[in-house]
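I have placed the structure first, in the form of structure tokens, so that the comments after it can refer back to it.
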Amino acid sequence: MTTRVRKSPGRVAFVGSGPGDAGLLTVRAADLLERGELLVTDPDVPSDVLDAANPGAEVRPAVGDPGDVARDLVNEAKAGRLVVRLVAGDPLIHSGVVAEAQAVARTNVAFEIVPGVPAATAVPAYAGIALGATYTEVDVRGEIDWRGLAATPGPIVLNATASHLAEAASALVEHGLAAQTPVAVTVDGTGAAQRTIDTTLASLHADAGEIAGPLVVTVGAAVSHRSKLSWWESRALYGWRVLVPRTKDQAAEMSERLRLHGAIPSEVPTISVEPPRSPAQMERSVKGLVDGRYQWIVFTSTNAVRAVWEKFAEFGLDARAFSGVKIACVGEATAEKVRSFGINPELVPSGEQSSEGLLEEFPPYDDILDPVERVLLPRADIATETLAAGLRDRGWEIDDVTAYRTVRAAPPPAETREMIKTGGFDAVCFTSSSTVRNLVGIAGKPHTRTLVACIGPKTAETAREFGLRVDVQPEHATVPALVDALAEYAARLRAEGALPPPRKTKRARR
């Protein structure tokens with residue numbers, strides 16, 4: 001007898017993406033995006049929100065009238081799929097989406113509705129405006145009772161476009177609000193390019209009448225106090241475009257740290273990390289680790305850690321293969337990579353985090369105390385000889401092994417190259433000498449107005465060799481320290497009046 005396995009019934013989830021910042025997704029929304037098999041989206045859903053979706057999910061636009069969209073959702077759910085109907089803002093404030101939900105509700109398909117953080121509260125909060133317990137939200141793109149609106153207590157929050165500003169200001173003044181009532185106009189609310197213009201009802205159209213895109217306009221006395229609570233646009237690197245010349249798999253940590261400080265990172269891979277041409281050296285070295293051939297293994301980069309660990313996986317080994325072997329790391333970033341595998345390194349330089357700093361603290365070989373005199377040094381094919389030579393001077397035998405190759409990446413798009421050469425980037429963050437060499441090789445030298453931040457002394461030395469002015473170098477050679485040092489430097493320059501305000505970011509009309 002054959003037992004049939006019934007396919008799990010599908011369902012539809014109407015999910016609000018919030019006002020723009022992907023960090024404002026609710027926990028439920030993020031969970032559904034991660035598990036959804038089909039995403040049906042509107043064109044104004046922010047790209048950052050779509051980045052949070054399941055990489056294997058099908059993404060398609062919502063096409064047709066609400067009835068057409070609803071039929072598509074129902075058919076896909078009946079086929080057993082988890083369908084996410086993703087909309088900007090909150091689902092049930094859009095009449096079309098309400099009609100879709102009502103149509104789905106008339107079928108036997110299971111559905112749920114996940115609210116999004118409303119723009120009416122989120123955008124003023126990101127602009128530093130305390131709405132208080134009483135406020136009124138209105139979309140001025142429909143019919144408005146201006147007399148009633150002007151008489152409401154508390155701030156007024158208008159969803160509008162620039163074409164509505166003149167009428168809104170005129171109508172509110174005509175029905176009783178003072179012409180000098182403070183107004184804040186926010187474009188790209190909660191987004192990386194958010195910009196807020198302070199004005200009054202009398203000057204509203206003159207100050208903000210040319211802004212493209214959806215606007216959140218806050219009217220009332222609360223606006224005049226926003227400078228005390230403005231936190232989003234006042235971050236040290238707010239609106240800065242920062243070049244991140246790192247491989248794609250390594251750029252995430254730096255880009256996220258830059259975003260925390262308000263910057264807009266632009267990732268440009270300058271190198272590609274590839275396996276060595278011949279695996280024989282690494283295979284012998286891994287066998288030597290297991291057989292007790294080495295007293296120390298010295299890691300000079302996270303790529304080296306990854307390369308050894310991948311070779312372990314090929315042989316079915318785990319962290320126990322390091323038993324009896326001491327581990328040294330050139331810096332904290334490399335040490336953190338080692339710790340992520342459940343191992344604590346014995347030596348990380350307490351001072352300068354570089355090959356020289358490691359050599360200053362590395363113990364000399366002692367033929368009485370050290371049972372084995374050999375050190376494994378897995379590293380890049382283009383690494384310098386400084387560390388190997390220094391270790392030999394301390395009496396150690398070195399197995400200097402190529403763990404990975406660094407290959408120069410293809411040049412970035414012409415637009416990016418032009419920005420690099422003409423100062424379109426406010427800063428660039430270099431994390432190694434190779435990123436300096438390769439960026440100059442594939443895209444040219446950054447413009448002199450671009451601030452240069454280098455993770456450590458060797459990287460800074462290479463940058464200077466290429467004629468670059470090094471503006472920032474952190475005390476500790478880690479990615480977080482590098483970004484934080486850049487932010488502190490920018491804040492100091494701005495406090496001294498040495499920096500212009502953040503450049504305006506062009507926004508396409510929707």
Side-chain angles (χ1 to χ4, degrees), residues 7-22 24-26 28-120 122 137-144 159-164 188-191 212-216 507-510:
K7 187 174 179 66
S8 299
R11 69 182 192 277
V12 177
F14 293 89
V15 175
S17 70
D21 180 6
L24 293 180
L25 282 170
T26 65
R28 181 61 178 160
D31 176 63
L32 287 167
L33 283 174
E34 188 176 318
R35 295 189 293 113
E37 299 163 273
L38 169 65
L39 270 65
V40 180
T41 73
D42 287 338
D44 54 351
V45 172
S47 59
D48 287 351
V49 172
L50 291 174
D51 289 342
N54 175 359
E58 179 188 353
V59 180
R60 69 173 72 150
V63 177
D65 61 31
D68 296 329
V69 175
R71 278 191 292 275
D72 186 34
L73 301 176
V74 168
N75 289 337
E76 293 292 352
K78 285 183 175 179
R81 305 178 85 179
L82 171 54
V83 183
V84 176
R85 175 66 175 99
L86 187 62
V87 302
D90 188 73
L92 297 190
I93 65 172
H94 304 285
S95 58
V97 180
V98 171
E100 292 172 21
Q102 290 171 336
V104 172
R106 289 193 289 269
T107 72
N108 61 354
V109 168
F111 70 95
E112 63 180 294
I113 298 170
V114 181
V117 174
E137 178 193 7
V138 173
D139 191 327
V140 302
R141 289 164 286 195
E143 292 296 323
I144 304 297
N159 294 292
T161 63
S163 62
H164 301 93
D188 194 30
T190 79
L215 308 176
V216 174
R507 181 183 176 88
R509 291 183 182 270
R510 284 177 176 165

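Residues: numbered from 1 along the sequence shown. No hydrogens, no waters, no symmetry mates; every other heavy atom, side chains included, goes into these values.
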Original post:
How long is the span from the CG atom in L38 to the CG atom in L82, to the nearest 0.5 Å?
Top reply: 9.0 Å

**OP:** Please identify each residue that fulfils side-chain hydrogen bond (donor to acceptor under 3.5 Å, both in side chains) with R60, with sequence neighbours left out.
**Re:** E58, D72, E76

Original post:
Residues in side-chain hydrogen bond (donor to acceptor under 3.5 Å, both in side chains) with T41, at least two apart?
Top reply: none

Original post:
Who are the side-chain hydrogen bond (donor to acceptor under 3.5 Å, both in side chains) partners of D48, not counting sequence neighbours?
Top reply: none

Subject >> Contact list for residues 86-96, test side chain to side chain donor-acceptor pair (under 3.5 Å), sequence neighbours left out >> reply: none

Original post:
Could you state the interatomic distance from CZ (F14) to CG (L73), rounded to the nearest 0.5 Å?
Top reply: 5.5 Å

Subject >> Any residue meeting side-chain contact (heavy atoms from CB on, under 4.5 Å) with A62, in chain and number order, not counting sequence neighbours >> reply: V40, D42, V69, R85

Original post:
Between A52 and L25, what is the shortest heavy-atom contact and its length?
Top reply: CB-CD1, 4.3 Å

Could you pull out all donor-acceptor pairs under 3.5 Å where a side-chain atom in residues 101-119 meets a protein atom, sequence neighbours excluded?
residue : atom : partner : partner atom : Å
T107    : OG1  : V104    : O            : 2.7
T107    : OG1  : V109    : N            : 3.2
E112    : OE1  : R28     : NE           : 3.2
E112    : OE1  : R28     : NH2          : 3.3
E112    : OE2  : R11     : NE           : 3.3
E112    : OE2  : R28     : NH2          : 2.8

Subject >> Nearest heavy-atom neighbours spanning V12 and A77 >> reply: CG2-CB, 3.9 Å

Original post:
Between L32 and V84, which heavy-atom pair has the shortest distance, and what is it?
Top reply: O-CG2, 3.7 Å

**OP:** For N159, enumerate each residue passing the side-chain hydrogen bond (donor to acceptor under 3.5 Å, both in side chains) test, keeping only those at least two apart in sequence or located in another chain.
**Re:** E137

Subject >> Taking every non-hydrogen atom, the tightest pair across L24 and A122 >> reply: CD1-CB, 4.2 Å

Original post:
Between atom CG of D31 and atom OG1 of T26, what is the distance when rounded to the nearest 0.5 Å?
Top reply: 9.5 Å

Original post:
Does R71 have any salt bridge (Lys or Arg N to Asp or Glu O under 4.0 Å) partners at least two apart in sequence or in another chain, and if so, which?
Top reply: D68

Subject >> Taking every non-hydrogen atom, the tightest pair across A160 and V140 >> reply: CB-CG2, 3.3 Å

Subject >> Nearest non-hydrogen partners of V49 and S17, listed with the distance >> reply: CG1-CB, 3.8 Å

**OP:** Could you please spell out the steps behind the side-chain contact (heavy atoms from CB on, under 4.5 Å) verdict for N54 and L33?
**Re:** CA-CA 6 Å; N54 175 359; L33 283 174; over 6 Å; no

Original post:
Under 4.5 Å between any side-chain heavy atoms of V15 and V87, yes or no?
Top reply: no

